[in-house]
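These notes concern the structure reproduced below.
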Amino acid sequence: MPVLERINSFKDELVAIRRDIHEYPELGFEEVRTSKIVAEKLKSWGIEVHTEIGKTGVVGVVKGSSEGTRMIGLRADMDALPMDEETNLPYASKHPGRFHGCGHDGHTAMLLGAARYLQETRNFSGTAVLIFQPAEEGLGGARAMIADKLFDRFPCDEIYGIHNSPNGFPNRVGIKPGISMAGADFFDVRIRGKGSHAAKPEASKDPILIASVIVQMLQTIVARNLDPMKAAVLSVTRINSGTAYNVIPQECVIAGTLRFLDREVAETLRQRMRAIIAGVATSFDVEIEVDLRNVFDVLLNTEELVEGYAAAARDIVGAENVVMRNEAVMGSEDFSDMLFLKPGVYCHLGHAETVSVHNPGFLLDENILPVGASLYARIVERRLAA
């Protein structure tokens, strides 16, 4: 069974929806226009719609042609990234500093395609729950929907997700059983030093110098405090300080992320980071504030369900295009928070473009829209076979 014929027949509409969302990107918890488009499309197809779950989240409910007690959840994310787009597409972002640089516009279109097909065919027994999630990019959209009683209101037995992968292998579905993606913390470190004239550094407690020491010392944690067989990443991604050539500033802020595949490793990272920063603060006689917060759990695919998802993928893309990955990736995804509560599987769908996600030149191959929609629909038909 290739891409579902009915879904392929309205590919052009999925492309149009995706381009519309792409042109008017919205950041996490600000997806008002996107959520409205999703809700209106679902309603136009006769689907039961619930809005404002997790602030801007939307849930659609499709009943199968025969009664059944089981419920399958399908999830797509809707938010854009706070970055500029440099693709020169005719439908490029009209909002400077906002860009669908991770393909969530495509994910949304895929799930809408599956929703339309499932409502038209209803070739399953039970209920399909279509979860359009806000704020995946580090703002806690999954946790917000969960806190809004997502799974109390829609008690899914299983849940499935898809992410595009610009790896140059069109339609290749990759699944990693068990631990698949890293958990993540974000951190902000504020150094409160003492400013002075740049020509009189002895009168200062230079926060930029102190920040430089901290950045170097933090890199010793993974190298010297962790088992080398256990993967972890500590990346400083931002340093903000200063306003003039001749002023030593009063403050400096460092920000970045931790990535880990093991909760014990995560705790070691946190403890050593706090200890190092406390030691530096004492050494330089300054006050340093540390805000270290968990934003993603480790993504754990339910091993007993992996083969079922792979079988659905083989129906759509062929056995030669379904790959069981051996290694986890250090990227993170807050679908992990849903998988912490419900059994399910997350896969990556390859496509022809090769510029990395989160790059200003990222391009989504729109040929995967009916493929992803078909995969979403097929897992429902398989797991809720009438």
Between Asp334 and Gln133, does the side chain to side chain donor-acceptor pair (under 3.5 Å) criterion hold? Intermediate values first, please. CA-CA 10 Å; Asp334 81 349; Gln133 183 206 303; 3.0 Å; yes

Go through the steps for Asn326 and Lys176 under the test side chain to side chain donor-acceptor pair (under 3.5 Å), then give the verdict. CA-CA 6 Å; Asn326 295 319; Lys176 167 66 172 66; over 6 Å; no

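- Taking the charged nitrogens against the carboxylate oxygens, Arg18 and Asp20 have no contact shorter than 4.0 Å, which rules out a salt bridge.
- Side chains of Asn294 and Arg263: a donor-acceptor N/O pair is absent below 3.5 angstrom, by distance only.
- In this structure, Glu287 does not pair ionically with Lys194, as no charged nitrogen and carboxylate oxygen lie closer than 4.0 Å.
- Here the rule is side chain to side chain contact (heavy atoms under 4.5 Å, CB included) with Arg98, and of His100, His95, Lys94 only His95 fits it.
- For Arg19, the salt bridge (charged side-chain N to carboxylate O under 4.0 Å, His left out) partners at least two apart in sequence or on another chain are Glu366.
- In Glu5, the CD atom is not crowded: 12 or fewer heavy atoms of neighbouring residues, nucleotides or ligands sit closer than 6.0 Å.
- Here the closest heavy-atom approach between residue Gly54 and residue Asp148 is recorded as N-OD2, 2.7 Å.
- A donor-acceptor contact closer than 3.5 angstrom links the side chains of His107 and Asn164.
- In this structure Glu158 satisfies the salt bridge (charged side-chain N to carboxylate O under 4.0 Å, His left out) test together with Arg70, Arg383, sequence neighbours excluded.
- Hydrophobic clustering, with ILVMFWY side chains joined whenever heavy atoms are under 4.5 angstrom apart, groups Val290 together with Ile276.
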Check the pair Val189, Ile277 against side-chain contact (heavy atoms from CB on, under 4.5 Å), reporting the backbone distance first and the verdict last. CA-CA 9 Å; Val189 178; Ile277 292 171; 3.8 Å; yes

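- Under 4.0 Å is where a charged nitrogen must lie from a carboxylate oxygen, and between Arg190 and Glu251 at least one such pair does.
- Using a cutoff of 4.0 Å between basic side-chain nitrogens and carboxylate oxygens, Glu267 and Arg270 are scored as salt-bridged.
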Show your reasoning for whether side chain to side chain donor-acceptor pair (under 3.5 Å) applies to Ser35 and Arg33. CA-CA 5 Å; Ser35 293; Arg33 182 181 184 275; over 6 Å; no

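- Remark: Arg259 does not engage Asp185 in a salt bridge, criterion side-chain N to carboxylate O under 4.0 Å.
- Atom-to-atom distance recorded for Leu234:CG and Leu258:CG is 5.0 Å, nearest 0.5 angstrom.
- Two rings, from Tyr309 and Tyr160, have their centers less than 6.0 Å apart.
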If you apply the rule side chain to side chain donor-acceptor pair (under 3.5 Å), what do you find for Glu31 with Thr56, and how did you get there? CA-CA 6 Å; Glu31 306 95 330; Thr56 47; 2.6 Å; yes

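- Aromatic pair His50/Phe154: centroids less than 6.0 angstrom apart.
- Thr87 and Glu85 share a side-chain donor-acceptor pair at under 3.5 Å.
- Aromatic rings of Tyr346 and His348 (six-membered ring for Trp) have centroids within the 6.0 Å cut-off, being under it.
- With sequence neighbours excluded, no residue forms a side chain to side chain donor-acceptor pair (under 3.5 Å) with Glu136.
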Before you tell me yes or no, could you show the steps for Val222 and Val233 under side-chain contact (heavy atoms from CB on, under 4.5 Å), namely the whole-Å CA-CA distance, both residues' side-chain angles and the distance that decides it to 0.1 Å? CA-CA 7 Å; Val222 173; Val233 173; over 6 Å; no

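- Ile72 and Val173 fall within the same hydrophobic cluster, where Ile, Leu, Val, Met, Phe, Trp and Tyr residues are linked whenever their side-chain heavy atoms come under 4.5 Å apart, directly or through other members.
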